[in-house]
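Step one of this worksheet: look at the structure below.
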Amino acid sequence: VEATTRSNLSFRMAGELLELNVSPGQRVTEGTLIARIDDRNVRSELDSASSRLELARATHERMRYTLERGAISQARFDESEAELRAARATFEQAEEQLENTQLRAPYDGVIAQVPVDNRQIVQVQETVAVIQQPGQLDVVFHLPEQIVQRLPRRDGSPFGDAMAFEVRFGNSDKPYLAQLASYTTQTSAQSLAYEVTLTLP
């Protein structure tokens, strides 16, 4: 049983965790800072890119002034324009890299898991926190091939519109009406079973 809307949050770059601001069960709002990795190198690159951009801007303006007076060729002015564009692109890339050192909640939700510790070195795409949105639940289970083969088929599907789905939890006899969300059309090689997902409010 898992939340229908569920995301594994991870960084796009590796680094040392300097901040880990959430714990399992904590409610967060969209944009909340979940974690932050060491950004010293990235800030240094941003400062350097900012300096190069300022220099390219100043050079470009000086070239424009000299071009108007006929002191340089159009080709030299075009070169300075290309250098300015390249410096701006480098600066924007450095800004984006700085943003990538912070991990923020993509939506309002609840932190389900935090599988890392503060001051740990995390790798690219390594899960730092799992966030889920309360509301609908998915019930995922595997149905053996021999059971699916015995189901009556309508339009070639073993899970027709006429079929009702009920879910019971633990030893409880209370049934919860569910809807079919999805199912695999081939069995997995290991279990020879179909994966079926039902959705509950």
Side-chain angles (χ1 to χ4, degrees), residues 1-46 92-144 147-148 159 164-201:
V1 180
E2 59 188 26
T4 301
T5 305
R6 177 185 176 95
S7 306
N8 293 343
L9 305 180
S10 59
F11 287 101
R12 293 182 183 178
M13 57 198 298
E16 182 186 1
L17 268 177
L18 292 185
E19 272 184 57
L20 188 58
N21 301 321
V22 294
S23 52
Q26 182 179 334
R27 286 186 172 272
V28 293
T29 55
E30 183 179 345
T32 299
L33 182 65
I34 302 291
R36 183 174 69 85
I37 56 175
D38 188 358
D39 60 2
R40 283 173 298 184
N41 291 342
V42 178
R43 282 189 184 280
S44 174
E45 285 174 17
L46 181 61
E92 287 170 0
Q93 192 174 19
E95 273 189 324
E96 188 180 332
Q97 285 289 85
L98 185 61
E99 282 178 27
N100 289 342
T101 63
Q102 298 183 349
L103 196 58
R104 296 186 179 275
Y107 46 76
D108 295 354
V110 176
I111 301 299
Q113 283 180 315
V114 182
V116 295
D117 296 315
N118 207 9
R119 293 291 173 178
Q120 178 180 329
I121 303 291
V122 292
Q123 302 304 318
V124 179
Q125 300 299 328
E126 180 181 351
T127 299
V128 172
V130 179
I131 184 174
Q132 58 188 34
Q133 209 168 36
Q136 289 192 312
L137 292 175
D138 281 351
V139 179
V140 185
F141 59 96
H142 291 85
L143 207 55
I147 292 179
V148 174
F159 307 106
F165 301 93
E166 289 180 352
V167 176
R168 290 179 176 83
F169 292 96
N171 297 325
S172 171
D173 288 333
K174 183 181 178 184
Y176 293 89
L177 196 62
Q179 288 182 320
L180 178 68
S182 64
Y183 62 92
T184 56
T185 55
Q186 286 187 323
T187 60
S188 65
Q190 294 84 12
S191 62
L192 294 178
Y194 295 86
E195 185 176 278
V196 182
T197 303
L198 304 179
T199 297
L200 285 169

Show me, pair by pair, the donor-acceptor contacts under 3.5 angstrom made by side chains of residues 12-19, not counting sequence neighbours?
{"from": "Glu16", "atom 1": "OE2", "to": "Arg119", "atom 2": "NH1", "distance (Å)": "3.4"}
{"from": "Glu19", "atom 1": "OE1", "to": "Asn21", "atom 2": "ND2", "distance (Å)": "3.0"}
{"from": "Glu19", "atom 1": "OE2", "to": "Arg36", "atom 2": "NE", "distance (Å)": "2.9"}
{"from": "Glu19", "atom 1": "OE2", "to": "Arg36", "atom 2": "NH2", "distance (Å)": "3.4"}

Which atom of [X] lies closest to which atom of [Y], heavy atoms considered:
| X | Y | result |
| --- | --- | --- |
| Gln97 | Val42 | C-CG1, 3.6 Å |
| Ala181 | Thr199 | CB-OG1, 3.2 Å |
| Ala105 | Ile34 | N-CG1, 3.7 Å |
| Thr127 | Pro115 | O-CG, 3.4 Å |
| Val110 | Pro134 | CG2-CG, 3.8 Å |

Atom [atom1] in [X], atom [atom2] in [Y]: separation rounded to 0.5 Å?
| X | Y | atom1 | atom2 | value |
| --- | --- | --- | --- | --- |
| Gln132 | Asp138 | CD | CG | 11.0 Å |
| Arg43 | Asp38 | CZ | CG | 10.5 Å |
| Ile131 | Gln26 | CD1 | CD | 10.0 Å |
| Gln136 | Leu198 | CD | CG | 12.0 Å |

*How would you list, by chain and number, every residue that makes a side chain to side chain donor-acceptor pair (under 3.5 Å) with Ser191, sequence neighbours excluded?*
Ser188
*Only counting residues at least two apart or in another chain, list the ones meeting side chain to side chain donor-acceptor pair (under 3.5 Å) with Thr29.*
Thr32
*asked:* Given 3.5 Å as the limit, does a donor-acceptor pair link the side chain of Thr184 with the main chain of Glu195, or not?
replied: yes
*Would you mind listing every side chain to side chain donor-acceptor pair (under 3.5 Å) that reaches into residues 104-116, with sequence neighbours excluded?*
Ser7-Tyr107, Gln102-Arg104
*Residues in ring pair (Phe, Tyr, Trp, His ring centres under 6.0 Å) with Phe141, at least two apart?*
none
_Pair Leu98, Asp39 - check side chain to side chain contact (heavy atoms under 4.5 Å, CB included), show working._
CA-CA 7 Å; Leu98 185 61; Asp39 60 2; 4.0 Å; yes
*Should we say atom CZ of Arg27 is surrounded by more than 12 heavy atoms from elsewhere, each under 6.0 Å from it?*
no
Name the atoms and distances for all side-chain donor-acceptor pairs under 3.5 Å in residues 168-177, with sequence neighbours left out.
{"from": "Arg168", "atom 1": "NE", "to": "Asp173", "atom 2": "O", "distance (Å)": "3.2"}
{"from": "Ser172", "atom 1": "OG", "to": "Lys174", "atom 2": "N", "distance (Å)": "3.1"}

*For Val128 and Leu20, what are the C-alpha separation, side-chain angles and deciding distance, and is it a side chain to side chain contact (heavy atoms under 4.5 Å, CB included)?*
CA-CA 9 Å; Val128 172; Leu20 188 58; 4.0 Å; yes
